[in-house]
Number of protein chains: 2
Amino acid sequence: MQLKKITKKAEGSARRYYEDACAAAHALDLFGERWALLVMRELMLGPKRFTDLKADLPGISANVLTQRLESLEAAGVLVRRKLPPPASAQVYELTPWGYESEPIFQAMGRWAARSPSHDPTLPFGSVSLMMSMRTMISPALAGALAVDAEFRTGKETFRVRLAGGELTTERGTVEHPDFVLTGEARMIAAAIYGGQPIAALEAAGVLKLEGDRALAERFIRLFPLPPKAVLPG
Amino acid sequence: MQLKKITKKAEGSARRYYEDACAAAHALDLFGERWALLVMRELMLGPKRFTDLKADLPGISANVLTQRLESLEAAGVLVRRKLPPPASAQVYELTPWGYESEPIFQAMGRWAARSPSHDPTLPFGSVSLMMSMRTMISPALAGALAVDAEFRTGKETFRVRLAGGELTTERGTVEHPDFVLTGEARMIAAAIYGGQPIAALEAAGVLKLEGDRALAERFIRLFPLPPKAVLPG
DNA sequence: CTGTATCCGTGTTGATACTG
DNA sequence: CAGTATCAACACGGATACAG
């Protein structure tokens, strides 16, 4: 009787780690596998269910998502929670430390926005939109402007509040918003980052604005993109 | 005469990209493959040759290093340069935009230093040490302290200069250093991050200090580690 | 409906050996 | 020194089947 192939890796894939004390290398041990960081991104605005994660990460397969959720849970980045009845569904939620990874996304976003090969016309999720606004807001341009608005993308609604130069973006609604902007995330991005006037996008039927139009037009100019990097050669 | 196998992927491997306009996702398209970010890290303090990169990244294989250098060059992150004779060797050097990725390492380092699973006893390269000092320096603790020191790890020498709360770390020597610290990077790290007194490490024969001892002891206390994350459960 | 487990084809990764 | 060639292992993504 032959020895059974033990190579089968008893349990939980033996991932490859960098044997490096550098904390940045350790960060890659935690979220360096494909999709892991994007899973974290999708959870930055609050818990989600497996199916929503899968839907919001086009291209990921169920088994890969399962593995990443396991790894990230083992790393202490997220936890799986069972919502109390009647909504007794399972959700995945970042730990407090997991939420503190936001500066990583901001540093990566700021840098990669300058990449010569960055293509902003690709699909754009609503979490990415909200995170990017937090990254790109210019306190200098914002000054003392105060805004309390609602952004509605597809099936999600966000409260976007600017006060004291600080921008907060969270899931939820607003009692008496200054304005409400409705449309796909990529259309809102076209207004904010693409310089498209809101009116033009409305005329095209891809965006809808209700409320204080002047304030909205001013608000969407507060997010200047950094200049593209100039390459040698 | 048979048709030549075109499957060979005409040129430059057909990598998998996230189809995502999110700039952070694009950053992963640029350096999300295994080893890519660590290659960038090794170049953050100046150009290196293929063989040095390979030696400083234990575990990477030559073919993977070649691929990563090609990808990063195509992305505009680094360039290959031929040094002028007589030192006519080939080196790899970050572009100005490549150097601007430092905040990414800092954000990752700050966050991952709090990871419950971070193991600071693993091998520690000298570039990582210099980068981590720039990340972890506490301007509050530094105050108006001025230091001009030399750090010697293995075969490399670095100029470490603190002035006006700013820390610069670069390859090179110092004319009249306040002190010179010699030892493996991990031993210097043991002093700076592990709280080991320099004298103890000298007694163990793993570190050597020349010059202003009081200043050196004070200097190495300027790099407090962030507290470990407390996990639920 | 929500999530997990298993199979499978394919491509990527990495160790070793080898070449200009 | 600076890479290429080869090959084995494994990770990815898709499909499908299964469990609560």
Side-chain angles (χ1 to χ4, degrees), chain A residues 5-19 28-29 31-39 42 47-73 78-83 85-93, chain B residues 5-20 28-29 31-39 42-43 47-73 78-83 85-93:
Chain A
K5 269 194 76 175
I6 317 258
T7 331
K8 225 292 179 67
K9 251 178 321 171
E11 154 121 343
S13 62
R15 305 227 323 286
R16 257 189 293 273
Y17 300 99
Y18 302 108
E19 303 281 328
L28 293 173
D29 285 336
F31 59 65
E33 287 175 307
R34 193 167 162 74
W35 293 110
L37 198 66
L38 298 191
V39 170
E42 287 306 315
K48 282 192 180 181
R49 307 154 65 150
F50 187 94
T51 313
D52 293 322
L53 284 169
K54 184 153 165 23
D56 295 338
L57 293 169
I60 199 174
S61 55
N63 50 7
V64 170
L65 180 53
T66 300
Q67 281 175 226
R68 292 308 170 273
L69 290 169
E70 279 168 2
S71 299
L72 292 170
E73 184 178 25
L78 56 79
V79 290
R80 51 204 293 166
R81 264 196 322 129
K82 188 117 190 147
L83 290 184
S88 40
Q90 174 134 270
V91 296
Y92 297 87
E93 180 171 29
Chain B
K5 267 193 80 175
I6 317 259
T7 330
K8 226 298 182 66
K9 255 174 318 167
E11 154 121 343
S13 59
R15 307 227 321 287
R16 255 194 296 273
Y17 299 100
Y18 302 108
E19 302 282 328
D20 196 321
L28 293 172
D29 285 336
F31 59 66
E33 287 175 307
R34 192 165 165 74
W35 292 110
L37 198 65
L38 297 191
V39 170
E42 288 305 317
L43 296 176
K48 282 193 179 180
R49 309 156 65 145
F50 188 94
T51 314
D52 293 322
L53 283 169
K54 184 154 165 20
D56 295 338
L57 293 169
I60 199 174
S61 53
N63 52 1
V64 171
L65 180 53
T66 300
Q67 283 177 223
R68 292 307 171 275
L69 290 169
E70 279 169 1
S71 299
L72 291 171
E73 185 178 24
L78 57 79
V79 289
R80 54 203 293 165
R81 261 194 327 128
K82 189 120 191 144
L83 290 185
S88 41
Q90 174 135 270
V91 295
Y92 297 87
E93 178 170 31

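The sequence lines fix the lettering, A, B, ..., with proteins before strands; numbering per chain opens at 1. These values consider heavy atoms only, across backbone and side chains, with no hydrogens, waters or symmetry-generated copies.
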Interatomic distance where [atom1] belongs to [X] and [atom2] belongs to [N] [whole Å]:
X: A:R68; N: D:dG13; atom1: CZ; atom2: C1'; answer: 11 Å
X: A:Y17; N: D:dC10; atom1: OH; atom2: P; answer: 15 Å
X: A:E19; N: C:dG14; atom1: CD; atom2: C1'; answer: 15 Å
X: B:E70; N: D:dA2; atom1: CD; atom2: P; answer: 15 Å
X: B:K48; N: D:dG3; atom1: NZ; atom2: P; answer: 16 Å
X: A:L65; N: D:dA15; atom1: CG; atom2: P; answer: 16 Å
X: A:F50; N: D:dA19; atom1: CZ; atom2: C1'; answer: 14 Å
X: B:R16; N: D:dC10; atom1: CZ; atom2: C1'; answer: 12 Å

| message | Applying the side chain to side chain contact (heavy atoms under 4.5 Å, CB included) criterion to A:Y92, which one of A:V39, A:V79, A:L72, A:L78 satisfies it? | response |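 It is A:L78, the one option of A:V39, A:V79, A:L72, A:L78 that forms the side chain to side chain contact (heavy atoms under 4.5 Å, CB included) with A:Y92.
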
Is the distance from OP1 or OP2 of [N] to the nearest side-chain N or O of [X] less than 4.0 Å?
X: B:T51; N: D:dA2; value: yes
X: B:Q90; N: D:dG3; value: yes
X: A:R80; N: C:dT4; value: yes
X: B:Y92; N: D:dG3; value: yes
X: A:R34; N: C:dT12; value: no
X: B:W35; N: C:dG14; value: yes
X: B:R49; N: D:dA2; value: yes

| request: When you get a sec, tell me which of C:dT4, C:dG14, D:dT4 is the closest nucleotide to the side chain of B:V64? | output: C:dG14

| said: By nearest atom, which of the nucleotides C:dT13, D:dT4, D:dG13 is closest to the A:S61 side chain? | reply: D:dG13

| field | Stacked cation flag B:R80 on B:F50, 6.0 angstrom / 45 deg | value |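 Here B:R80 fails the 6.0 Å and 45° test against B:F50.
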
| message | With a 3.5 Å distance limit and no angle check, can you tell me whether B:D56 reaches the backbone of B:E42 through a side-chain donor-acceptor pair? | response | no

| request: To the nearest 0.5 angstrom, please state how far the CD1 atom of A:I60 sits from the CG atom of A:L53. | output: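 Between atom CD1 of A:I60 and atom CG of A:L53 there are 8.0 Å.
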
| request: Check whether the side chain of B:N63 and the base of D:dG3 form a donor-acceptor pair under 3.5 Å. | output: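 Such a pair does not exist between side chain and base.
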
| Closest approach of B:Y17 and A:R34, non-hydrogen atoms and distance? |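 Residues B:Y17 and A:R34, closest heavy atoms: O-NH2, 3.8 Å.
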
